[in-house]
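Please read the structure below before turning to the comments.
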Amino acid sequence: MYLCFTYDLCCNIIILHAIYTDFWQNLEKGVDLVSEDTRFPKDYHGLPNRIGQILHPEKFDSKFFGVGKAQASCLDPQIRLLLESVHEAIVDAGYSMEDLAGSNTGVYVGGCFSDLHKAMLQNMDEVSGYENTGCCFAMFANRVSFYFNLQGPSISIDTACSSSLVALDRAVRDLHSGLIDRAIVGGVSLVTDPTISKSFQMYTMLSPSGKCRSFDNSADGYVRS
């Protein structure tokens, strides 16, 4: 799931946008969005079958976002979805791209892994030079700032599971300090490489039952999504 916030200190309003339009309703109803996803074969290397549902980031309007063909082919799907979600969040907040262009707006993105980056660098003969600009985690926030022409801080934050919350905290602190006038905060996560999941499983971090029960006595790990 990709979430983006726009926070305007003057209005003191946070506006939430989610790729899934019914995401908030599912939260209110307590719908379990974890399922036996089909991205990996059943019981693949002993991994839990239940995992967060996957989006389909292969559909990306590269021309709209000014991304050339060569770069688009090496653009992390997390960045694709982030750009789309930020654009929709800005529109939902009642702004236009022209309103924000050149403004002192900070971008704060929480995340961790880039599975595509790891895969693309496996074969030295196929490296094109676009892998780092398309997948390096620092570029997640930078790509948003560049496309929307935002002049505030552009920061990608990795504190593992707390990345998005730390990004939001940093944004709010910068707003209250007067460093920025406005903030865009996002969190990204897309699981496509089972190797990382296997590493977590070997460290007994993954829930065999496929359920997160934070702070509960029955907790047996967490679920990647």
Side-chain angles (χ1 to χ4, degrees), residues 1-6 17-20 37 39-40 51-91 97 100-102 105-161 163-164 166-167 170-171 183-197 199-200 224-225:
M1 173 53 57
Y2 288 69
L3 299 178
C4 282
F5 303 83
T6 61
H17 169 77
I19 290 283
Y20 292 126
D37 197 279
R39 80 192 78 180
F40 307 132
I51 191 170
Q53 296 177 13
I54 195 169
L55 296 171
H56 299 283
E58 67 276 4
K59 296 180 180 179
F60 177 66
D61 192 343
S62 58
K63 289 185 178 180
F64 180 85
F65 289 103
V67 179
K69 184 177 180 180
Q71 179 66 87
S73 65
C74 295
L75 193 64
D76 193 303
Q78 295 179 106
I79 296 181
R80 298 180 185 186
L81 293 168
L82 184 63
L83 284 169
E84 293 170 350
S85 190
V86 168
H87 182 269
E88 293 177 14
I90 289 172
V91 173
M97 291 180 59
L100 297 185
T105 299
V107 177
Y108 307 81
V109 176
C112 196
F113 298 105
S114 173
D115 294 355
L116 181 63
H117 197 195
K118 174 186 173 183
M120 283 188 168
L121 296 178
Q122 293 299 308
N123 191 335
M124 186 75 75
D125 295 328
E126 295 181 0
V127 172
S128 67
Y130 288 97
E131 292 80 9
N132 289 336
T133 56
C135 297
C136 179
F137 184 53
M139 295 296 176
F140 282 46
N142 297 167
R143 181 69 62 175
V144 173
S145 296
F146 176 77
Y147 174 69
F148 293 100
N149 189 22
L150 307 177
Q151 302 301 308
S154 185
I155 304 173
S156 297
I157 295 175
D158 178 3
T159 57
C161 296
S163 299
S164 299
V166 173
R170 174 64 184 273
I184 293 176
V185 185
V188 296
S189 178
L190 186 62
V191 179
T192 58
D193 183 359
T195 308
I196 297 174
S197 294
S199 175
F200 283 136
R224 301 195 73 206
S225 182

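Worth knowing before you read on, the calculation uses all heavy atoms, side chains too, and leaves out hydrogens, waters and symmetry mates.
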- Item | Euclidean distance, Met139 CE relative to Ile79 CD1, rounded to 0.5 Å | 8.5 Å
- Query: For the atom pair CZ (Phe148) and OG (Ser154), what is the distance rounded to the nearest 0.5 Å?
  - Reply: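 With rounding to 0.5 Å, CZ (Phe148) is 12.0 Å from OG (Ser154).
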- Query: Taking the six-membered ring for Trp, are Phe64 and His87 parallel (under 30°), tilted (30 to 60°) or perpendicular (over 60°)?
  - Reply: perpendicular
Locate the shortest heavy-atom distance separating [X] from [Y]; write the atom from each residue and the value.
{"X": "Cys112", "Y": "Ala160", "value": "SG-CA, 4.4 Å"}
{"X": "Gly187", "Y": "Ser164", "value": "CA-OG, 3.3 Å"}
{"X": "Ser145", "Y": "Val107", "value": "OG-CG2, 3.3 Å"}
{"X": "Tyr108", "Y": "Pro153", "value": "OH-CG, 3.9 Å"}
{"X": "Ile51", "Y": "Arg39", "value": "CG2-NH2, 3.7 Å"}

- Query: Quick one: do the Gln71 and Thr133 side chains pair a donor with an acceptor below 3.5 Å?
  - Reply: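 A pair is found: one side chain offers a donor N or O, the other an acceptor, under 3.5 Å apart.
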Any side-chain to backbone donor/acceptor pair from [X] onto [Y]? Under 3.5 Å, distance only.
{"X": "Gln78", "Y": "Phe137", "answer": "no"}
{"X": "Arg224", "Y": "Ser189", "answer": "no"}
{"X": "Asp115", "Y": "Asp193", "answer": "yes"}
{"X": "Ser156", "Y": "Ala141", "answer": "yes"}
{"X": "Thr105", "Y": "Leu150", "answer": "no"}
{"X": "Ser73", "Y": "Ala70", "answer": "yes"}

- Task: Only counting residues at least two apart or in another chain, list the ones meeting side chain to side chain donor-acceptor pair (under 3.5 Å) with Ser163.
- Result: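 Side chain to side chain donor-acceptor pair (under 3.5 Å) list for Ser163, sorted by chain: empty.
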- Contacts of Ser128 that satisfy side chain to side chain donor-acceptor pair (under 3.5 Å) - sequence neighbours left out: Glu131
- Hey, mind stepping through Leu83 and Val144 against side chain to side chain contact (heavy atoms under 4.5 Å, CB included) and telling me if it holds? CA-CA 6 Å; Leu83 284 169; Val144 173; 4.2 Å; yes
- Message: Show, in sequence, the C-alpha distance, side-chain angles and deciding distance for Thr192 and Leu190, and conclude whether the side chain to side chain contact (heavy atoms under 4.5 Å, CB included) test is met.
- Response: CA-CA 6 Å; Thr192 58; Leu190 186 62; 4.1 Å; yes
- Task: Answer whether the closest heavy-atom distance between the side chains of Ile196 and Val191 falls below 4.5 Å.
- Result: no
- Residues, nucleotides or ligands: over 12 heavy atoms within 6.0 Å of Phe146 CZ: no
- Any chance you could lay out the side chain to side chain contact (heavy atoms under 4.5 Å, CB included) test for Leu82 and Arg143, step after step, and finish with the verdict? CA-CA 9 Å; Leu82 184 63; Arg143 181 69 62 175; over 6 Å; no
- Item | side chain to side chain contact (heavy atoms under 4.5 Å, CB included) between Val109 and Phe140, intermediate numbers included | CA-CA 7 Å; Val109 176; Phe140 282 46; 4.2 Å; yes
